[in-house]
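Remarks on the structure that follows.
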4 protein chains.
Amino acid sequence: MGERATATEEKRRLILDAAVRVFARKGYHASRVGDIAEEAGVAHGLLYHYFDSKDEVLEAAFRENWSVLLERIQAVEESGESAREQLRHVAAILLRTWLHQPDVVRVVVREIARSPEVQQRIGELVKPIEAIRRIVERGRATGEFRADLDPALAATIFYGGIDEILTSWVLGQAAGTPDDVAAAERTLMDVVSVGFAGR
Amino acid sequence: MGERATATEEKRRLILDAAVRVFARKGYHASRVGDIAEEAGVAHGLLYHYFDSKDEVLEAAFRENWSVLLERIQAVEESGESAREQLRHVAAILLRTWLHQPDVVRVVVREIARSPEVQQRIGELVKPIEAIRRIVERGRATGEFRADLDPALAATIFYGGIDEILTSWVLGQAAGTPDDVAAAERTLMDVVSVGFAGR
Amino acid sequence: MGERATATEEKRRLILDAAVRVFARKGYHASRVGDIAEEAGVAHGLLYHYFDSKDEVLEAAFRENWSVLLERIQAVEESGESAREQLRHVAAILLRTWLHQPDVVRVVVREIARSPEVQQRIGELVKPIEAIRRIVERGRATGEFRADLDPALAATIFYGGIDEILTSWVLGQAAGTPDDVAAAERTLMDVVSVGFAGR
Amino acid sequence: MGERATATEEKRRLILDAAVRVFARKGYHASRVGDIAEEAGVAHGLLYHYFDSKDEVLEAAFRENWSVLLERIQAVEESGESAREQLRHVAAILLRTWLHQPDVVRVVVREIARSPEVQQRIGELVKPIEAIRRIVERGRATGEFRADLDPALAATIFYGGIDEILTSWVLGQAAGTPDDVAAAERTLMDVVSVGFAGR
DNA sequence: TATGAATGAGTGTTCATTCAT
DNA sequence: GATGAATGAACACTCATTCAT
């Protein structure tokens, strides 16, 4: 029974991964149920054994990839490091995903996470901005960041910077090589280290 | 004939503005051609007098509103102010648009900026980033910004910050009141003033 | 007033000739009112001053070109020549039109005259087959053609031969040079001369 | 699986036959996709399972019925009969189709043969003319037909005669009873027997 | 006469979803 | 589980015709 469940789970994952690839290639709205099924090598009818609807596939594809990132960010939050180090790690998590899972970035980070429709339906899947805000708040409390820094705005700016860098890679405006990733992390931290500290 | 042309231009604009409102309200994909026509108070067939397709309406709506912002940003670039002041003005132009034309921001942020397909077709979207990059380069040349700041990355981060702030307002995660706009401008400049200067 | 009428008539003819060219180029169903107006160099609204509908243009284009051919065929019928000579002249009239008015052949002979819709609406515009049938009947009466030749069938075959030859030119399967036209006339008459005479 | 394929093929044929009936009744352009589906007793969406477009249905309907005739004509060509007998059989094949499949003739004669656009795309329509030309050439080689008979022109005339006879039945200008068919065959052969032999 | 903006009925096609096998 | 045939709601777009100017 455990094996059964595992086999079922594997097939589910097969479809989900196929969905991510297809979304990455064609975009959210242009992807058809048949495209996903074809990419997964199954009949499109089978999709409805594992998911209730096309939208459900989207949501699951998002949720299950996104949650991995969220967990890692949460681990950072609980690490006890300085706020600056925590921000550095958060940036690293998000930016380096581009190297290992570019399709996930293309789809989950850039498309689904920003789609108003999905956004509204998946309330619990808030973006890492809140985590960043909490980090900033703690940094402010410890005096690491200056007292008059608005945590929510700072978090938004920080995340926006990361997101826009990822976008430049997704759109091919910048190469997104490992060196680029390293440079992006460095520049971002250079800016906010002093920018958030205020001097 | 001049009057004729003007009347025609007005009707075109009427449809375009209606489209922006509808897209802002329902999103591009959920907006039917008939919705736009109804909002504009014309028959849906008339839309095809002025535009080749629904897609073209979105592009035109973007281009014709975006170009106004681009011109204002260009004026800032030519103002001869310090790089920091120029960045402040660019941020103000983009962020304050939310106060005067929230629907335009809604459409640009949600429908254009999030859709890789559209973005590829409309190179114009990256124009502000390029302007910012030039400003940063000049600031670096004058010693206003530190020498080891990567202008392209800095520009990407700066623009990303603005974009994410607008997104938070569009998605209703933050209110976007005039005070919020002022606070956003201030915080953003606080961060990059020292962050870009490096001390 | 006479001049007025003439000017009016000229404009009408202008549109009609444009219609023939457009039909020849794009085919009956693919031709739009706007195409005809553009070809004629007038606004498409003007078309409705001269004709009641698009169909009316088609009908008029057909009628006014077709009637010329019918009159010439009628003249042949009244010429008092032998049936064989009359057939030769009918064939010449139809086949040589290709040399002078290929568009008329393309449209009127091949498309409109065979279109069931138009055919039914324009009852009085019967094809020359009936004229040919009468010629055959007279040839039979004079003993020129054999007595057991069915005139209606003979006429149909004769006209069909002409029509198919024109088709081969229209479709470019044969060149349709003046020499081709001459050869076609000769071969057709060679066949029916003895074929209709029966020996 | 063989049964499955057969069932699928049957459904496809069901739709195709329905299409032929509808096209024959209303003409291609006046036939709506929904009409065909209704005639076939299926949902209109199913049509697109079996065909790419309405156009493709017409083409398939033509091709799959036409190919039967082409095969039979080819069999005649290989029969070793005299050229005259072969021509008689070709005429019989084409003309008698009217008795068994009047709708097919209606569609082929009216919609396919009259539409230059379709005809260009479907080279097959000229196949019978080419077969007839080869028969004439052989008849000329054996001395059955006179040496100065142009085979291409003769074939065109012969086929044109058949086509025009079918047209007269399709358009209701002649009844097209079995007797009419027999008379048509007889008259056509009477004419070309001596017409092609030249004496 | 002449223009071309405006109308709106009409239709081919797509595609998520269902369900018999 | 797995397949893919079958369904039908939904929608962008066309184009003949009208009419104010």
Side-chain angles (χ1 to χ4, degrees), chain A residues 4 7-8 11-12 29-38 40-57, chain B residues 1 3-5 7-8 10-12 15 29-37 40-57, chain C residues 4 7-8 11-12 29-38 40-57, chain D residues 1 3-5 7-8 10-12 15 29-37 40-57:
Chain A
R4 269 269 186 84
T8 287
K11 182 69 68 99
R12 199 189 120 95
H29 277 103
S31 298
R32 311 296 158 209
V33 168
D35 297 331
I36 299 169
E38 192 185 11
V42 300
H44 67 274
L46 188 57
L47 228 125
Y48 289 87
H49 270 283
Y50 294 96
F51 305 95
D52 282 346
S53 68
K54 181 193 168 189
D55 273 29
E56 262 263 314
V57 178
Chain B
M1 214 163 75
E3 278 182 33
R4 268 270 184 81
T8 285
E10 265 173 28
K11 185 64 70 95
R12 196 189 125 96
I15 294 173
H29 280 102
S31 299
R32 258 112 358 107
V33 168
D35 296 334
I36 299 169
V42 301
H44 69 274
L46 188 58
L47 214 132
Y48 292 90
H49 240 7
Y50 294 97
F51 306 96
D52 282 345
S53 66
K54 186 188 165 191
D55 255 63
E56 259 238 336
V57 176
Chain C
R4 269 264 186 88
T8 286
K11 182 69 69 99
R12 199 188 120 94
H29 277 102
S31 299
R32 310 298 159 208
V33 169
D35 297 331
I36 299 169
E38 193 185 9
V42 301
H44 67 274
L46 188 58
L47 228 125
Y48 290 86
H49 271 282
Y50 294 96
F51 305 95
D52 282 346
S53 68
K54 181 192 169 190
D55 274 29
E56 262 263 315
V57 178
Chain D
M1 214 164 73
E3 278 182 33
R4 268 271 185 81
T8 285
E10 264 173 28
K11 183 65 69 98
R12 195 189 125 95
I15 293 172
H29 280 102
S31 299
R32 259 122 342 115
V33 169
D35 295 334
I36 300 170
V42 301
H44 68 273
L46 188 58
L47 216 132
Y48 291 89
H49 240 8
Y50 295 97
F51 306 97
D52 282 346
S53 66
K54 185 188 165 191
D55 256 62
E56 258 238 337
V57 176

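Throughout, protein chains are lettered first and strands after them, A, B, ... in sequence-line order, and every chain is numbered starting at 1.
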Open item on the list: Let's test your reading of the pairing rules: Watson-Crick or G-U wobble, both distances under 3.5 Å, then write DNA chain F as a dot-bracket string with ( ), [ ], | and dots.
Closed with: .||||||||||||||||||||
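- Every residue two or more places apart in sequence or in another chain was checked for a side chain to side chain contact (heavy atoms under 4.5 Å, CB included) with C/Glu38, and none qualifies.
- Shown here are the side-chain hydrogen bond (donor to acceptor under 3.5 Å, both in side chains) partners of A/Asp55, two or more places apart in sequence or in another chain: A/Arg121.
- One can place NE2 of D/His29 at 15 Å from C1' of E/dG10, the figure rounded to the nearest angstrom.
- In this structure, B/His49 places its NE2 atom 16 Å from P of F/dT18, rounding to the nearest Å.
- Here D/Tyr50 reaches the OP1 or OP2 of F/dA6: one of its side-chain N or O atoms lies under 4.0 Å away.
- Across residues 41-48 of chain A, A/Val42, A/Ala43, A/His44, A/Gly45, A/Leu46 each have a non-hydrogen atom less than 4.0 Å from an atom of DNA chain F (numbered order).
- Take B/His49 and apply the ring-ring contact (aromatic ring centres under 6.0 Å, His included) test, not counting sequence neighbours, and it matches no residue.
- Side-chain N/O atoms of B/Lys11 include one lying less than 4.0 angstrom from OP1 or OP2 on E/dA6.
- Phosphate proximity of E/dT17 to A/Lys54: absent, as no side-chain N or O sits under 4.0 Å from OP1 or OP2.
- For C/Arg12, the side-chain hydrogen bond (donor to acceptor under 3.5 Å, both in side chains) criterion is met by C/Glu64, not counting sequence neighbours.
- Rounded to whole Å, the distance from CG on B/Asp35 to P on F/dA12 is 8 Å.
- Atom CD1 in C/Ile36 sits roughly 11 Å away from atom C1' in F/dA16 (whole-Å rounding).
- With sequence neighbours excluded, the residues satisfying side chain to side chain contact (heavy atoms under 4.5 Å, CB included) with B/His29 are A/His29.
- Every residue meeting the salt bridge (Lys or Arg N to Asp or Glu O under 4.0 Å) condition with A/Asp35, not counting sequence neighbours, appears here in chain and number order: A/Lys26.
- Put simply, CZ on D/Arg12 is 17 Å from C1' on F/dG4, counting in whole angstrom units.
- OP1 or OP2 of F/dG1 has at least one side-chain nitrogen or oxygen of A/Thr8 nearer than 4.0 Å.
- Between atom OH of residue D/Tyr48 and atom CD of residue D/Glu56 there is a gap of 11.0 Å, rounded to the nearest 0.5 Å.
- Between A/Lys54 and A/Arg32 there is a side-chain heavy-atom pair separated by less than 4.5 Å.
- A sub-4.0 Å separation between OP1 or OP2 of F/dA16 and a side-chain N or O of C/Arg32 is present.
- The interatomic distance linking A/Glu56 (CD) with E/dA16 (P) rounds to 15 Å, in whole Å.
- Summarising the geometry, the separation between CD1 on B/Ile15 and P on E/dA6 is reported as 7 Å, rounded to the nearest angstrom.
- In this structure, CD of C/Glu38 is placed 15 Å from C1' of E/dT3, rounded to the nearest angstrom.
- For B/Lys11, the side chain to side chain contact (heavy atoms under 4.5 Å, CB included) partners two or more places apart in sequence, or in a different chain, are B/Leu14, B/Val42, B/Leu46, B/Tyr50.
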